[in-house]
Amino acid sequence: MSVNAVTHLNFRGDARAALTFYQSVFGGDVVMVTYKDAGNVQDPSEADQVMWGQVAADSGFRVMAYDVPSYMPWNQGENAFFVSLRGETTEEITAYWKRLSDGANVLQPLEPAQWAPLYGMLKDRFGITWVLDVVSQYDAS
């Protein structure tokens, strides 16, 4: 038996754009179900917003997202979570970094670190903080 943890991002009207962007970065398939599709429209102006969405790529990348409806509280917060993306090669992580950094605020440039061949942090155009690194054996001694 196995279980997978998937990052679920909450937006206020930007889920469709975010999922489309993440698919352009990571590839794979994007699926979106609107409130109208699900027959769950509480506010007609939000009928076409995403009630459930996902990007799933062959690489194993998965992210889910939805638009929090206006009748529910929502606050993106400052540091509530980071999405950590760990890859096996510098080429792989560098390619994702280049695509994610389009319109982003770089918090820590992608460069070698004491614990990894490459490490960097950015806040993308949707306000999501991503931590990218190349997996390596860490020796604490």
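The figures that follow rest on heavy atoms only: side chains count, while hydrogens, waters and symmetry mates do not.
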Cluster check V30, V6: I/L/V/M/F/W/Y, side chain < 4.5 angstrom: no

Closest approach of R125 to D102 (non-hydrogen atoms, all atoms of both residues): NH2-OD2, 2.9 Å

Does the side chain of I128 come within less than 4.5 Å of F81's, by heavy atoms? yes

If every non-hydrogen atom of V134 is compared with every non-hydrogen atom of T89, which pair is closest and at what distance? CG2-O, 3.7 Å

Kindly indicate whether the side chain of V83, heavy atoms from C-beta on, has any atom under 4.5 Å from the side chain of V63. no

Quick one: closest heavy-atom pair of S70 and D43, and the distance? OG-OD2, 3.6 Å

Would you say the ring centers of F26 and Y96 fall short of 6.0 Å from each other? yes

With a 3.5 Å distance limit and no angle check, can you tell me whether E92 reaches the backbone of E88 through a side-chain donor-acceptor pair? yes

Evaluate the side-chain proximity of Y119 to V131: yes if any heavy-atom separation is below 4.5 Å, no if none is. yes

Of all heavy-atom pairs linking L118 and P112, the shortest is CD2-N, 3.9 Å

Do side-chain atoms of D67 reach the backbone of G13 as a donor and acceptor pair under 3.5 angstrom? yes

Heavy-atom pair of closest approach, residues P73 and V68: O-CG1, 3.8 Å

Could you see if W130 belongs to whatever hydrophobic cluster contains W97? Use Ile, Leu, Val, Met, Phe, Trp, Tyr and a side-chain cutoff under 4.5 Å. yes

F82 reachable from V106 in the ILVMFWY side-chain graph, under 4.5 Å edges: no

Taking every non-hydrogen atom, the tightest pair across I93 and R86: CD1-C, 4.1 Å

M64 vs T7, test: side-chain contact (heavy atoms from CB on, under 4.5 Å). Steps then yes/no. CA-CA 6 Å; M64 296 170 60; T7 302; over 6 Å; no

Go through the steps to decide whether L122 and Q108 satisfy the test side-chain contact (heavy atoms from CB on, under 4.5 Å), and finish with yes or no. CA-CA 7 Å; L122 59 79; Q108 171 66 44; over 6 Å; no

Given T34, which of Q49, R16, M51 fulfils the side chain to side chain contact (heavy atoms under 4.5 Å, CB included) condition? R16

Test of understanding: with ring pair (Phe, Tyr, Trp, His ring centres under 6.0 Å), list the residues that count as partners of W52, not counting sequence neighbours. none

Please check if the side chain of W74 supplies one atom and the backbone of R12 the other of a donor-acceptor pair under 3.5 Å. no

Please tell me whether L100 and L9 are part of a single hydrophobic cluster in this structure, the criterion being side-chain heavy atoms less than 4.5 Å apart. yes

Using the ring of each side chain (for Trp, its six-membered ring), is F126 parallel, tilted or perpendicular to F21, with breaks at 30° and 60°? tilted

Output yes when a side-chain donor or acceptor of Q54 lies under 3.5 Å from a complementary backbone atom of M32, and no otherwise. no

If you measure only the distance, is there a donor-acceptor pair under 3.5 Å linking the side chains of Y22 and D124? yes

Can you find a heavy atom in the side chain of E46 that is under 4.5 Å from one in the side chain of P69? yes

When clusters are formed by joining ILVMFWY residues with side-chain heavy atoms under 4.5 Å apart, either directly or through shared neighbours, do L110 and W115 land in the same one? no

Any Y35 side-chain heavy atom under 4.5 Å of D37 side chain: no

Between atom CG of L19 and atom CG of D14, what is the distance when rounded to the nearest 0.5 Å? 10.5 Å

